[in-house]
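Worksheet: one structure, shown below.
Note on naming: letters A, B, ... go to the chains in the order of the sequence lines (proteins, then strands), and numbering restarts at 1 for each one. Excluded from the calculations below are hydrogen atoms, water molecules and symmetry mates; all remaining heavy atoms, backbone and side chain alike, are included.
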There are 2 protein chains.
Amino acid sequence: MIINRDTDYAVRCVLLMSGNHGKTFVIGEIAKQKAIPESFLAKILQKLTRAGIVESIRGAKGGFVMAKDPRDITLLDVVEAINGKIVINKCTTAEDRCVLMHDCPTFPLWFEIKQMVEQRLRQYEFATLAKKYEASATGKTPSGV
Amino acid sequence: MIINRDTDYAVRCVLLMSGNHGKTFVIGEIAKQKAIPESFLAKILQKLTRAGIVESIRGAKGGFVMAKDPRDITLLDVVEAINGKIVINKCTTAEDRCVLMHDCPTFPLWFEIKQMVEQRLRQYEFATLAKKYEASATGKTPSGV
DNA sequence: TAATACTTGACAAAATTAGTCCTGTTAATG
DNA sequence: CATTAACAGGACTAATTTTGTCAAGTATTA
């Protein structure tokens, strides 16, 4: 599973915000519209903030706004913001690195596949995705659950 | 993570057996050579057996042999034998299917990426992989841990 | 019949995922 | 300047999945 629950929530969230570029959302609103547990979404938004995808505004009248143009945010950006770099097989990571990987013919393949997936995810940016979304959605209805 | 521990073990196992096509292995031998917990490997070999990748021989002098030519076994075969079909996002599966997926612009992408990964894994077959493996391995040493 | 090996299902520990909650901080506003 | 609205961060918890283990059963050989 490359996309877990939190990444999926993050995508929904950025999708909604991309379709309303410039608007300030409070957590509760996004949570309601996208059927995401509110306190969990709070955590996810923190990650998106640290990644520079959204910007948080504290205090009364606060909330979250897009920090960048949706054209400059790819699916890969959001995926990595939430879960870090994609890993196909743990044996390729520093912590779980296989000692005898030199003998392993499959070892390089996991890298190759990772890069392939990354490249594909990088091709999708949220401006386009949100446009499709708006086109099929009815408008204000809580959609895309 | 597309490749978890058990799939990784399965790959090691099929790799070893592919390099010794025709030889009958007992679980203990594979486990030792590939540093896999023996009772866990037993489970994995059952899956490989049901998938028709290896054949089990019960009783004394029993063990496991390759059931097919390593040229006809791809990485995808082994991955699917252990973990079933690759899933990129659970929302695409029957059980966790998103109700309002019609509004979701990312929904089709998960399928697309899945197919891309499948296609790549299908390109690697064990005869070639095992050959590379033998080329770099020293021979009988427990390698490829 | 004794020994060898796989089969199956139940169980269990460890890790990860998913989510909650509480306390603190920041900003607006009357 | 007190109050209220909203996010920030860390500790905690529940559920699920992963990663195994074990014991009783079955098949085969000698």
Side-chain angles (χ1 to χ4, degrees), chain A residues 1-13 17 23-32 34-67 79 81-84 86-87 89-91 93 95-96, chain B residues 1-13 17 23-32 34-51 53-67 79 82-84 86-87 89-91 93 95-96:
Chain A
M1 205 82 51
I2 287 175
I3 311 296
N4 2 15
R5 216 92 180 99
D6 47 5
T7 308
D8 190 71
Y9 289 157
V11 171
R12 295 184 200 181
C13 175
M17 294 177 75
K23 174 174 174 185
T24 299
F25 286 86
V26 300
I27 294 178
E29 187 181 357
I30 304 172
K32 199 178 168 191
K34 291 300 185 178
I36 304 169
E38 194 166 327
S39 53
F40 194 29
L41 178 59
K43 291 295 184 193
I44 290 165
L45 278 163
Q46 281 178 35
K47 290 187 181 179
L48 291 174
T49 303
R50 284 188 218 108
I53 292 169
V54 303
E55 185 186 344
S56 87
I57 303 161
R58 299 177 69 161
K61 303 279 175 187
F64 293 88
V65 209
M66 294 298 291
V79 170
I82 304 300
N83 269 328
I86 290 171
V87 173
N89 188 339
K90 252 189 294 195
C91 73
T93 64
E95 319 87 59
D96 296 84
Chain B
M1 205 83 51
I2 287 176
I3 310 296
N4 2 16
R5 218 92 179 99
D6 48 5
T7 307
D8 191 71
Y9 288 157
V11 171
R12 294 184 200 181
C13 175
M17 294 177 74
K23 172 173 176 185
T24 300
F25 286 87
V26 299
I27 293 179
E29 186 182 356
I30 304 172
K32 199 177 167 192
K34 291 300 184 178
I36 304 169
E38 195 168 327
S39 53
F40 194 27
L41 178 58
K43 292 293 188 193
I44 291 165
L45 277 163
Q46 282 177 38
K47 289 188 181 180
L48 291 175
T49 303
R50 284 189 219 109
I53 292 169
V54 304
E55 185 186 344
S56 86
I57 303 162
R58 299 176 69 161
K61 304 279 178 189
F64 292 89
V65 209
M66 293 299 291
V79 169
I82 304 301
N83 269 328
I86 290 171
V87 173
N89 188 339
K90 252 189 295 197
C91 73
T93 64
E95 319 87 59
D96 296 85

Mind calculating the distance between [atom1] ([X]) and [atom2] ([N]) to the nearest angstrom?
X: Met17(A); N: dC7(D); atom1: CE; atom2: C1'; value: 13 Å
X: Arg5(B); N: dT21(D); atom1: CZ; atom2: P; value: 12 Å
X: Lys47(B); N: dG20(D); atom1: NZ; atom2: C1'; value: 12 Å
X: Leu41(A); N: dA8(D); atom1: CG; atom2: P; value: 11 Å

Requested in this report: Heavy atoms of chain A, cut-off under 4.0 Å: which first and last nucleotide of DNA chain C, 5' to 3', fall inside that, if you could look?
Outcome: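 Both ends considered, the range comes out as dT17(C) to dA28(C).
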
Query raised in the report: What heavy-atom pair brings Gly62(A) and Thr24(A) nearest, and what distance separates the two atoms?
Result: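 Nearest pair, atom of Gly62(A) first, then Thr24(A): O-CG2, 3.8 Å.
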
Query raised in the report: Does Gln46(A) have a side-chain nitrogen or oxygen under 4.0 Å from the phosphate oxygens OP1 or OP2 of dC7(D)?
Result: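 Answer is no, no contact under 4.0 Å.
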
**Report entry** Per-nucleotide protein contact string for nucleotides 22-30 of chain D (B base, S sugar-phosphate only, - none; heavy atom under 4.0 Å)
**Finding:** ---BBBBS-

Using side-chain heavy atoms (C-beta onward) and a distance below 4.5 Å, is [X] in contact with [Y]?
X: Thr7(A); Y: Ile44(A); result: no
X: Cys13(B); Y: Leu45(B); result: yes
X: Met17(A); Y: Ile30(A); result: yes

Query - Point-to-point distance, once rounded to the nearest 0.5 Å, from CD1 of Ile53(A) to CE of Met66(A) - result: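 Result: 7.5 Å between the selected atoms.
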
Report task. Using the test ring pair (Phe, Tyr, Trp, His ring centres under 6.0 Å), find all partners of Phe25(A) that sit at least two apart in sequence or belong to another chain. Result ->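 Here no residue qualifies.
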
Report task. Identify whether any heavy atom of Gly63(B) sits under 4.0 Å from a base atom; if not, whether one sits that close to sugar-phosphate; answer base, sugar-phosphate or nothing. Result ->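 Answer is sugar-phosphate: Gly63(B) comes under 4.0 Å of backbone atoms only.
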
